[in-house]
Amino acid sequence: MRIRVGHLYPDYLNIYADRGNIAVLARRAAWRGHELEVDSVGIGEPVRPGDHDLLYVGGGQDREQALVATDISAKGEALREAADRGAAILAVCGGYQLLGRWYADQDGAELPGAELLPLETVAGSRRMIGDVLLTCELEPGRSHTLAGFENHAGRTLLDPGAEPLGRVVSGFGNDGESGFEGCRVGRVVGTYLHGPLLPRNPWFADWLLAQALAHRTGGEPPELEPLGDGLEAEAHSVSSARARARGGRFS
Ligand code: GLN
């Protein structure tokens with residue numbers, strides 16, 4: 001099957017090799033006999049709801065965020081419709097902040113967001129940097145750990161009752177206080193975890209692929225055939241150990 005991916009602002013939101021997440025999705029799809037077709041969706045280019053099974057937004061600093069904020073806000077309605085129609089969406093760090101209502105940056109400028117996730121972000125004076133470990137339960141009864149790296153000054157506050165992506169075991173997470181990291185609404189996930197995220201968290205890459213396939217077929221997310229994942233498991237354990245060694249408020 002052909003899985004259609006829309007990569008938003010690859011020329012602006014692309015720090016920490018966030019692009020590597022797409023490479024992982026492409027490989028893991030190919031190993032199951034699927035092909036990933038990746039379109040870039042830049043400033044002024046429309047998001048057409050239904051056209052993409054998965055939309056991806058990487059991270060960027062305040063400067064790059066300021067360059068795309070007005071445009072992502074203008075794409076908000078189409079992004080919300082795409083999500084309503086069951087597209088999977090992954091947004092990382094700067095991209096995550098811009099899926100919320102707004103991001104008040106270091107200079108106090110209020111950058112508009114896509115209003116897709118129930119949250120707002122305000123830049124603080126202290127940067128939250130280092131390896132992070134989370135526990136996530138995206139499907140009831142199926143708990144997994146997610147390991148990554150964070151580097152942000154923005155503090156993200158979820159609306160009351162909003163679902164985080166996970167709970168922080170080690171690291172800062174959304175704001176260094178709540179013990180929450182990321183946000184999830186159905187198939188839409190935002191997170192501060194860079195690194196890139198998917199090479200060391202194959203279960204999460206497969207969760208995204210299964211959601212994208214469900215959008216493609218109009219059915220339920222399929223159970224994907226397991227892969228070897230020896231190297232991936234090693235990368236996960238190195239990364240988790242680094243996060244645990246760092247400790248932090250929630251360890
Ligand atoms: N500029 C944002 C912050 O520091 C996002 C940074 C990033 O994407 N790494 O909060």
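Counting starts at 1 for both ligands and their atoms, in listed order.
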Please check if any side-chain donor atom of Y56 sits under 3.5 Å from a side-chain acceptor atom of D18, or the reverse. no

Just by modelled atom types, is the A233 backbone N or O under 3.5 Å from a matching donor or acceptor in the D229 side chain? no

May I have every N or O pair linking ligand 1 to the protein at under 3.5 Å, one per line with atom names and distance?
unit_1   : atom_1 : unit_2 : atom_2 : d
ligand 1 : 1 (N)  : D62    : N      : 3.4
ligand 1 : 1 (N)  : D62    : OD1    : 2.5
ligand 1 : 1 (N)  : Q65    : OE1    : 2.8
ligand 1 : 4 (O)  : R127   : NH2    : 3.0
ligand 1 : 4 (O)  : A153   : N      : 3.0
ligand 1 : 8 (O)  : G60    : N      : 3.1
ligand 1 : 8 (O)  : G60    : O      : 2.9
ligand 1 : 8 (O)  : G94    : N      : 3.0
ligand 1 : 9 (N)  : N151   : O      : 3.1
ligand 1 : 9 (N)  : H194   : NE2    : 3.2
ligand 1 : 10 (O) : Q97    : NE2    : 2.9
ligand 1 : 10 (O) : A153   : N      : 3.1
ligand 1 : 10 (O) : G154   : N      : 2.8

What pairs with T156 under side-chain hydrogen bond (donor to acceptor under 3.5 Å, both in side chains), at least two apart in sequence or on another chain? T121, Y192

side-chain hydrogen bond (donor to acceptor under 3.5 Å, both in side chains) against R142, all qualifying residues, sequence neighbours excluded: E223

Check the side chains of N151 and H194 for a donor-acceptor pair under 3.5 angstrom, ignoring hydrogens and angles. no

D71: which residues meet the salt bridge (Lys or Arg N to Asp or Glu O under 4.0 Å) condition with it, sequence neighbours left out? K75

